[in-house]
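For clarity, every value in this text was computed on a predicted model and none was experimentally measured. Numbers restart at 1 for each chain; the letters A, B, ... are given by sequence-line order, proteins then strands.
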Number of protein chains: 2
Amino acid sequence: MRLVVARCEVTYSGRLNAYLPEAIRLLVFKADGSVLVHADSGGYKPLNWMTPPTVIEYGEGMIVVRKRAGRSEDRLEIRLAEVLAEFEHELGEEAGLEKDGVERHLQEALAGRPASVEIGLRLVRREWPTEVGPVDLMCRDARDGWVAVEIKRVGTLEAVEQLSRYLEVLRRDPALAECRGILAAQIVKPQARTLCEARLLGCVEVDLELLRGEREPELTLFTA
Amino acid sequence: MRLVVARCEVTYSGRLNAYLPEAIRLLVFKADGSVLVHADSGGYKPLNWMTPPTVIEYGEGMIVVRKRAGRSEDRLEIRLAEVLAEFEHELGEEAGLEKDGVERHLQEALAGRPASVEIGLRLVRREWPTEVGPVDLMCRDARDGWVAVEIKRVGTLEAVEQLSRYLEVLRRDPALAECRGILAAQIVKPQARTLCEARLLGCVEVDLELLRGEREPELTLFTA
DNA sequence: ACTTAGATTTCGCCG
DNA sequence: CGGCGAAGTCTAAGT
């Protein structure tokens, strides 16, 4: 990895055109060909960048990063006015990042405890196939009625639309004509909740850590 | 801006939990409180990060970056096993990034030359309001018929659905009952084109630079 | 403050 | 390779 702090002017042309007037910035050249141009603010996103595979050419006070993009070409031109610092270091192999808490984990946890979505709910199948995509959880309720559960980390209007599409298709089957729908999400947006009510869909917020029993429910206040 | 190359182990907890085993990485501490953890590959995205506002605490071989996130707290813990290089530099103010070629520019260009969408088309209004959102361009065609134009940089199925929703609402007005729809995009996905045909919607690919006359049409091959 | 829509979205999976 | 959906999406604009 090569790090350069430089006063520079940057031009990108490709999917769009972008221009950065001369200023001091951090340039990062990664071993895999990635190039990042960072300012001293603005969070995690570079001002400009190019992802691999790239070809990097060094000229007179100029670095050109090129990349084939279909018929055309992406081009990042860095005009160096002044190099203030420069530094290179071997980093070696990256050990993989492990994530926990994404939608899939929520689905796994709810599949294991469907009753936490609604009392009496029993799982029939995960990823129940339909023409318009798989239903996350297909269940039966306490009275043996069918229930389709759509799981999201954040429950938005779009999630309600998705659940509605599933139900529309499912209910064409006479056996599933009475199928209900429930949106289960860690966070349910107010508008999504409203639309659920309007469409007679269920809607519950679930807590992954609670589900897993890693954290006790905060309902035990007066039990002692 | 402070740059650190270090063998380190990183743990994030917040909206999800993530763990990075010990390896050599680049740590970037920006002036605004942003913290990035980069590997020597993987494009422009950091392995882990925290956006401002943050609080950074330095302990024994340990850096903790914290951030209030509603009721809870986001936390990035960097356990430093070995600092291999360290470096700090003032960067000063960032001169603003200028972009050109995003959807808004395409809309501006097409508003100025609606005939490039379809011969004879004349603009009536940009951002024509409907209950389900504004129609990008509302036009009349050569025969004075109404035409709603939806503009996208990339024309996907979603864009066709959006245009369809507009038309459904517009056509409720008897004056607009015959309103046609056209999807105009720099890139039209094959499936979107197919759906347009099925729904009797128009569908054109447009070239921003051509529109602006910055580039000549490539039609002059045999004119000499 | 909240919601919506765009993004050089990126990224990964699956056909 | 394209299509589809998730993302700690982020970010800016409108309300």
Is it true that the NZ or CZ of A:Arg140 lies under 6.0 Å from the centre of A:Trp146's six-membered ring and within 45 degrees of the ring axis?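 Yes, cation above the ring, under 6.0 Å and within 45°.
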Which one, [options], comes nearest to the side chain of [X]?
X        : options              : answer
B:Leu16  : C:dA7, D:dA7, D:dG8  : D:dG8
A:Glu103 : C:dT10, D:dA6, C:dA7 : D:dA6
B:Lys189 : C:dA7, C:dT3, D:dG3  : D:dG3
A:Gln191 : D:dG8, C:dT8, C:dT3  : C:dT3

Once you apply a heavy-atom cut-off of 4.0 Å, does B:Arg153 come out as touching a base, just sugar-phosphate, or nothing?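 Here B:Arg153 touches the backbone only, sparing every base.
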Is C:dG15 paired to anything, Watson-Crick or G-U wobble with both distances less than 3.5 Å, and if yes, which nucleotide?
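D:dC1 - that is the nucleotide pairing with C:dG15, both distances being under 3.5 Å.
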[X] [atom1] to [N] [atom2]: how many Å, rounded?
X        : N      : atom1 : atom2 : value
B:Gln162 : C:dT4  : CD    : P     : 13 Å
A:Glu98  : D:dG8  : CD    : P     : 15 Å
A:Glu161 : D:dC4  : CD    : C1'   : 18 Å
A:Lys152 : D:dG5  : NZ    : P     : 9 Å
B:Ile187 : C:dT8  : CD1   : C1'   : 11 Å
B:Lys45  : D:dG8  : NZ    : C1'   : 8 Å
A:Leu97  : C:dC11 : CG    : P     : 13 Å
A:Glu158 : C:dG6  : CD    : P     : 12 Å

- Span that lies between the P atom of C:dC11 and that of D:dT11, in whole angstrom: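 Straight-line distance between the two P atoms is 15 Å.
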- Task: Pick the P atom in D:dA6 and in C:dT8, then give their distance to the nearest Å.
- Result: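 D:dA6 and C:dT8 have their P atoms separated by 22 Å.
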Scan side-chain atoms only and decide if [X] and [Y] contain a donor-acceptor pair under the 3.5 Å cut-off.
X        : Y        : value
A:Asp74  : A:Tyr12  : yes
A:Arg199 : A:Ser164 : yes
A:His105 : A:Lys99  : no

**Prompt:** How do A:Val132 and B:Asn48 order along DNA chain D: which one's closest nucleotide is nearer the 5' end?
**Reply:**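 Counting from the 5' end, the first nearest nucleotide belongs to A:Val132.
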Pick the closest DNA chain C nucleotide for A:Arg15 and for B:Gly101 by heavy atoms, then say which residue is nearer the 5' end.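 Going by which nucleotide is closer to the 5' end, it is B:Gly101.
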Q) Can B:Glu73 and B:Lys67 be counted as an ion pair, charged N to O under 4.0 angstrom? A)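 A salt bridge is absent here (no side-chain N lies under 4.0 Å from a carboxylate O).
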Legend entry - Centroid under 5.5 Å and tilt under 30°, A:Tyr12 to C:dT8: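 The base of C:dT8 is stacked with A:Tyr12 (centres under 5.5 Å, planes under 30°).
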**Study point:** Under 5.5 Å and under 30°: A:Tyr44 stacked on D:dC10
**Key:**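 Answer is no, no stack.
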